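Only one structure is covered here, and it is reproduced in the block below.
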Amino acid sequence: MSALVDIRDLVVSYPDMARKPLLGAAPRNTVLHGITLAVGRGQIIGIVGESGSGKSTLGRAILRLIEPDQGQIVFDGTDITHLDDRALRALRPRFQMIFQDPMSSLNPRQTLHRLIATPLAIRGDTQAMDKAANALDRVGLPSRFLARYPHELSGGQRQRVGIARAIVQSPDFIVADEIASGLDVSSQAVVLTLLQDIVRETGTTLAFISHDLSVVRRLCDSVVVMAGGKIVEAARTTTLFNTPQSGYTRKLLEAIPLPEPDQVW
Amino acid sequence: MSAYLEITGLNAVLRGTRTRVLRDVSLSVSKGQVHGLVGESGAGKSMIGKAILGVLPRAIEVASGRISLGGQDLGVLPLRERLRVIGSQTAVIPQDPLTALNPSRRIGPQMTDRLTRTLGWQKTRANHRALDLLEEVAIRDPERVLHSYPHELSGGMRQRVLIAAAFAAEPKLIVADEPTTALDVTVQKQILKMIADMQTRHGTTMLFVTHDLGVVARVCQSVSILHSGMVMEEADIRTMLTAPAHPYTAALLAATPRYTDPEASLVPVSDTVLAGVAEAIRASDTLWGRA
Amino acid sequence: MDEALRTSPRATPWRLWLSGGWLTLFFGVALLAPWIAPHDPLYQDLFLQRLPPFWIDGAETGHPLGTDSLGRDVASRLMHGASVAATVALIAGLATCLLGSVLGLLAGFYRGWVDQVISRIVDIWMSFPPVLFAILLVAVIGTGLTSVIVAIIVIDWTRFTRVVRAETMAQARMDYTEAAHVAGMSRFATLMREILPNVAPVILSVLTLQMGIAIVVEAILSFVNLSVSTDDPTWGGMIAEGRVSIHQAWWVLIFPMIALFLTVLSFTQFGDALRNRFDPVLR
């Protein structure tokens with residue numbers, strides 16, 4: 001079985017505007033140093049790291065929301081690294097993203113109906129309305145919510161709308177970027193188990209970006225640990241947690257405060 | 001051991017209404033202990049700290065209840081006296097190290113303000129004290145830091161400065177309001193250990209506000225679990241973690257992810273538990289309505 | 001907790017009603033001035049010079065706000081002056097808004113060289129002292145209402161460009177812009193359908209501010225005699241004339257000043273109040 005997403009030697013850098021000389025180009029900061037990674041079909045892969053590890057950049061680069069400097073991104077056999085805007089737009093429905101901050105990723109001036117149905121309507125789908133209602137139902141929100149605005153919802157509900165918007169196009173691949181970091185534990189539990197159920201049920205491949213190893217342990221089939229723009233360790237989840245190979249992974253695990261009385265900390 | 005902080009029947013309401021944001025809160029913290037205030041957003045955990053320090057938002061006022069520090073009932077003191085007690089006996093470790101320091105003033109005077117103004121110390125003595133504390137929080141060049149502006153320090157340094165500043169006046173009580181929420185786990189561990197060290201060394205009583213049951217387990221000796229401004233359970237830390245008395249506490253524990261036990265992680269809080277909580281709140285509100 | 005604070009009862013929108021009421025009166029009078037003004041605003045009657053307003057002894061019933069030093073009816077002149085002010089506010093305000101906002105949207109959304117060019121022009125433009133600039137401009141292209149309007153557009157478009165550019169950049173950084181991209185929306189459609197509605201409230205509040213400013217600029221140009229011809233009644237012209245006879249007939253000066261003040265104030269207040277009341281995000 002071939003991988004759905006195949007990334008080879010991906011390098012991404014940003015211009016450093018703070019060090020830009022008056023004339024000429026700004027020097028560049030490299031945030032991803034040659035990432036190679038294959039994501040199998042139907043897998044949930046966890047991408048873990050601390051801030052500045054490059055995990056979010058990786059997620060965005062896979063979806064071509066950031067232009068890579070070097071390397072190759074192959075999606076389902078198609079090299080999408082250099083596809084132009086038009087060709088990419090045709091592929092967009094197949095890969096989706098759920099964002100960290102639902103307050104910022106849901107346009108505050110649009111009703112849920114518009115938020116969820118727009119991606120379909122762009123492609124002239126006549127059943128956009130029905131599908132939007134179905135997607136909302138799948139994430140456990142009543143269809144009367146279609147007429148509401150994002151600010152009328154709770155944080156957990158908003159993030160469920162984020163999921164609905166991602167699944168409404170029946171994508172093959174979803175990148176979820178720190179989608180629970182702003183939520184209380186009780187909403188986090190609801191949102192994450194919901195997402196897990198949906199992708200398992202539909203066979204969708206999921207890249208789950210998170211800083212929380214405990215959450216990754218519960219949700220993912222395999223884990224990639226990142227630091228400083230590089231992959232430190234990649235393994236199946238049970239292997240990584242039972243026998244972490246890298247010192248960095250062990251350090252991360254040991255730093256997590258556990259709700260247990262006798263943790264050596 | 002005697003209780004240093006004691007709160008009995010504290011009710012806070014939206015100003016001018018009977019709508020409560022704190023519902024009959026009672027808790028006591030022994031001298032030198034760290035007590036956790038745990039709850040999700042809207043549980044009122046920060047409100048308790050703010051009520052003690054007299055810095056509640058304008059829209060909220062204390063309706064009834066007793067708050068005492070070291071046996072001194074704050075409610076019976078005239079305003080000026082109360083401010084003096086709060087100013088000399090308490091301090092805060094704030095949540096956001098970025099906004100807690102005034103960007104246009106040097107670190108030194110910001111650290112010693114309370115010493116020189118409220119306690120009337122000499123400037124040199126206050127400076128010495130600040131230097132000692134910066135050394136205590138492992139800042140290498142304290143002299144330089146005292147003369148720096150906040151933007152010249154890294155985020156971790158600013159956080160340590162704020163911890164040092166909190167201990168500057170040897171307060172009896174420190175309220176730490178989610179001091180590590182925005183930090184990476186490795187940095188969080190350093191900062192929490194530092195706070196715990198300082199707390200033990202100075203024998204300070206502490207209220208530790210957080211949403212993270214893991215953090216509570218590492219830092220606190222006792223804990224109050226809150227929901228909607230109401231204490232669901234007050235217990236010592238081991239009891240809360242191993243044999244929670246309230247179903248809501250148990251549900252929170254099961255919802256909290258832990259890599260050591262993935263099966264008991266991310267379990268959504270059941271409707272039965274939430275109904276039980278809602279019932280308890282309704283019952284309390286009915287009593288309150290009759291009073 | 002936050003929930004409870006947010007749902008606190010909303011106060012009666014006095015600001016909206018008062019400012020909206022005054023503006024309705026202002027535009028109504030401006031539109032109907034030729035029919036409702038009691039006198040010809042240009043008709044001089046030297047026998048009725050400096051008649052006081054109605055509540056002072058010596059007033060004439062036909063002249064409720066008195067007459068000026070040439071015996072012209074102050075109330076009628078005020079009404080016709082409102083026509084001039086309203087024309088300037090609407091045309092200059094909207095045209096400035098359109099020009100400035102389009103440039104601001106383009107600069108803030110497309111960034112790069114588009115932004116570089118527009119922003120540099122704005123910087124250079126703003127280093128001219130505005131009133132001097134206006135006076136020069138009118139002196140060159142000649143007096144008249146059209147010149148005044150052109151002058152205001154030429155001077156004030158930068159106000160919109162700066163504010164709209166900043167807001168567009170802030171909105172473009174929000175994740176919903178990226179989400180639109182993931183949904184397969186084109187760049188231009190993203191700007192028009194996702195970002196513009198979020199920038200619109202800011203544009204609206206600058207627009208109402210700009211309408212007030214346009215009236216003030218017109219008044220200043222009238223005051224220095226560079227607006228419409230001297231005979232036509234304008235608030236600025238009335239203030240200029242009233243200044244000369246302030247000791248004999250203060251009302252010639254005071255009434256247009258009050259009208260000017262209330263109108264400009266109402267414009268800014270109306271913009272803010274409207275936004276508070278009807279913005280679904282703030283609500």
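In this text, all values refer to a predicted model and were calculated from it rather than measured experimentally. Sequence lines set the chain letters: A, B, ... in the order given, protein chains first and strands last, and positions in each chain run from 1.
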Worked check of side-chain contact (heavy atoms from CB on, under 4.5 Å) between C/Met185 and A/Arg92: CA-CA 9 Å; C/Met185 202 181 260; A/Arg92 283 282 177 218; over 6 Å; no

More than 12 heavy atoms from other groups under 6.0 Å of CZ on A/Arg86: no

Beyond-backbone contact of A/Met103 with C/Met174, side-chain heavy atoms, under 4.5 angstrom: no

Pairs of heavy atoms under 4.5 Å with chain C: top-ranked of A/Pro119, A/Ala90, A/Ser105: A/Ser105

Straight-line distance of A/Thr118 OG1 to C/Glu194 CD, nearest 0.5 Å: 6.5 Å

Contacting region of C/Thr177 [heavy-atom separation from chain A under 4.5 Å]: neither

C/Trp125 atom CH2, neighbour heavy-atom count above 12 within 6.0 Å: no

Side-chain (A/Asn107) to main-chain (C/Tyr176) donor-acceptor, under 3.5 angstrom: no

Residue A/Leu106 versus chain C: region with a heavy atom under 4.5 Å: backbone

Interatomic spacing from CG in A/Asp101 to CG in C/Asp175 - rounded to 0.5 Å: 6.5 Å

Under 4.5 Å from any heavy atom of chain C - which part of A/Gln110: side chain

Enclosure of C/Arg159 CZ (heavy-atom neighbours >12, cutoff 6.0 Å): yes

Atom CZ of C/Arg111 with >12 non-hydrogen neighbours under 6.0 angstrom: no

N/O donor-acceptor pair under 3.5 Å between A/Arg109 side chain and C/Pro197 backbone: yes

Side chain, backbone, both or neither of A/Arg114 within contact of chain C (heavy atoms, under 4.5 Å): side chain

Heavy-atom pair count under 4.5 Å with chain C, highest-scoring of A/Met97, A/Glu152, A/Arg64, A/Gln96: A/Gln96

Side-chain heavy-atom pair C/Glu178, A/Arg60 within 4.5 angstrom cut-off: yes

